[in-house]
2 protein chains.
Amino acid sequence: MSTIEEKIKKELIQRFGDAYKAFGLSKLMGHIIALLLFSPEPLSLDEITKQLGRSKGPISQIVRRLRDKHLIRKAWMPNDNRKDYYEVEPEIFEHAFRNNLELIKNNTRIAKQLKEKIKSSKSENLKPISQRMIEMEKFYLLMEDYYNDFLLSWAKERSKLFS
Amino acid sequence: MSTIEEKIKKELIQRFGDAYKAFGLSKLMGHIIALLLFSPEPLSLDEITKQLGRSKGPISQIVRRLRDKHLIRKAWMPNDNRKDYYEVEPEIFEHAFRNNLELIKNNTRIAKQLKEKIKSSKSENLKPISQRMIEMEKFYLLMEDYYNDFLLSWAKERSKLFS
DNA sequence: TTTATCGTTTGAAATATTTCAAACGAAGAT
DNA sequence: ATCTTCGTTTGAAATATTTCAAACGATAAA
């Protein structure tokens, strides 16, 4: 690999690590995603391990979590029946977005549940916070709408991109 | 405070702590926000300290960060010139959302910058990742649009709510 | 069947983060 | 002017998280 390519790879790994951390995820997650994005071919656990200079333990665990989040998937490799090979999901950004949507839905849930509990408590003192919970629920419900609209819109945009 | 009110306060604090952590922020941040949301009156640092059972150090630091993020603000208290009193920003949810928008913008920036670097490297090997960066930039640019539309829409919805 | 290699699990070590207690400077109260 | 009390800062202690190395079970290769 040329020096310039090497440099770009390093920067990609670095920036994705920071970005993932900023979203409250493991930095190593970002590193693995970046590495797989960069690689034209799927990579085995050993290759990821070697390229990132980490040991097998954490790589194995984080790869599982990335799979659970639908950000990467196993790739079938005809030449090698032993190792598992991984690649990024084709719709990785959409999946990342959907994971975020789950957090939003959780906020909606919190607001709704607290709102109900306050209501059934019939306490006058809780009037202000009740008002806040109503506002919060409305906010995140509207947000869910926009998230869903975005997904529809992106599906169109993306299909244009790949035609 | 009645038992039921106490219980609701505790639950609010608990859930907000978890939610903040899920977004990659400090759990204590969520606790303070919940406490201030719950309280009809602004609270002093000492009161926050006492109610959350923590010492002054971390409370002071986190309160500063919350202020930087525009999630809380100082409230003027005519009876007490000594202490600082805090309350949640009236538009706290919108501000939290804007903080998130900054993360999105950062993702757009990453994609754009890497895209440019790959382009100027003129490397054929980097074609696939270049394609990915183009897709990524489009994705997050579209997302920015939706975020901005949402803000406009929420402004309307909120003004309806408070009329 | 035996051997070798894979991915996972696990307990310990290293690291990062959170929390506290004490010290400090600033500013209102006396 | 002196005394309190406030919020902040800071270094150490406690806690949480990340990371590693070794052991293990499973499965392909010999």
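Heavy atoms only: backbone and side chains are in, while hydrogens, waters and symmetry mates are out.
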Atom [atom1] of [X] to atom [atom2] of [N]: distance rounded to whole Å?
X: B/L25; N: C/dT17; atom1: CG; atom2: C1'; result: 14 Å
X: A/I62; N: D/dT19; atom1: CD1; atom2: C1'; result: 10 Å
X: B/M77; N: D/dC6; atom1: CE; atom2: P; result: 16 Å
X: B/Y85; N: D/dT5; atom1: OH; atom2: P; result: 14 Å
X: A/R54; N: C/dG7; atom1: CZ; atom2: P; result: 18 Å
X: B/K50; N: D/dT5; atom1: NZ; atom2: P; result: 15 Å

Problem set entry | Pairs meeting criterion salt bridge (Lys or Arg N to Asp or Glu O under 4.0 Å) with involvement of residues 135-156 of chain B, two or more places apart |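 Residue pairs with at least one partner in residues 135-156 of chain B: A/R158-B/E135, B/K112-B/E137, B/K115-B/E137, B/R132-B/E135.
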Exercise. In residues 31-39 of chain B, which residues come under 4.0 Å of DNA chain D by heavy atom?
Worked result: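 Nothing qualifies; none.
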Hey, what do you get for [atom1] ([X]) to [atom2] ([Y]), rounding to the nearest 0.5 Å?
X: A/E47; Y: A/L45; atom1: CD; atom2: CG; result: 10.0 Å
X: A/R73; Y: A/H70; atom1: CZ; atom2: NE2; result: 11.5 Å
X: A/L43; Y: A/D84; atom1: CG; atom2: CG; result: 12.5 Å

For this session: List for me each residue that meets ring-ring contact (aromatic ring centres under 6.0 Å, His included) alongside A/Y20, sequence neighbours excluded, and say none if there are none.
Result: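 A/Y20: no ring-ring contact (aromatic ring centres under 6.0 Å, His included) contacts found.
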For this session: Name all residues meeting the ring-ring contact (aromatic ring centres under 6.0 Å, His included) criterion together with B/F38; count only those two or more places apart in sequence or in a different chain, and write none if there are none.
Result: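 B/F38: no ring-ring contact (aromatic ring centres under 6.0 Å, His included) contacts found.
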Every protein N/O lying under 3.5 Å from an N/O of nucleotides 25-30 of chain D:
none

Exercise. Does a salt bridge link B/R98 with B/E94, judged by any charged N lying under 4.0 Å from a carboxylate O?
Worked result: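 Yes, charged N to carboxylate O under 4.0 Å.
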For this session: Please answer whether the main-chain N or O of A/L126 pairs with a side-chain N or O of A/S130 as donor and acceptor at a distance below 3.5 Å.
Result: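 Side chain of A/S130 to backbone of A/L126: no pair is present.
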Exercise. Taking everything shown except A/R64 itself, do over 12 heavy atoms lie less than 6.0 Å from its CZ?
Worked result: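 Open.
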Please list, pair by pair, any protein nitrogen or oxygen found under 3.5 Å from a nitrogen or oxygen in nucleotides 8-14 of chain C.
| residue | atom | partner | partner atom | Å |
| --- | --- | --- | --- | --- |
| C/dT8 | OP2 | A/S60 | OG | 2.5 |
| C/dT8 | O5' | A/S60 | OG | 3.3 |
| C/dT9 | OP1 | A/R64 | NH2 | 3.3 |
| C/dT9 | OP2 | A/R64 | NH2 | 3.1 |

For this session: Look at A/K27 and D/dT19 and indicate whether a side-chain polar atom (N or O) is within less than 4.0 Å of OP1 or OP2.
Result: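 A/K27 to D/dT19 OP1/OP2: no side-chain N or O under 4.0 Å.
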Exercise. Closer to the 5' end of DNA chain D via nearest nucleotide, is it B/K83 or A/L28?
Worked result: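 Whichever sits nearer the 5' end wins; that is B/K83.
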Exercise. Considering only C/dC6, D/dC6, C/dT19, which nucleotide approaches the side chain of A/D46 most closely?
Worked result: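 Closest nucleotide among those given: C/dC6.
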For this session: Would you kindly say whether A/E102 and A/N106 are connected by a side-chain donor-acceptor distance under 3.5 Å?
Result: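 Side chains of A/E102 and A/N106: no pair found under 3.5 Å.
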Exercise. So, B/Y147 versus A/F150, ring centres under 6.0 angstrom or not?
Worked result: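 Between B/Y147 and A/F150, the centre distance exceeds or equals 6.0 Å.
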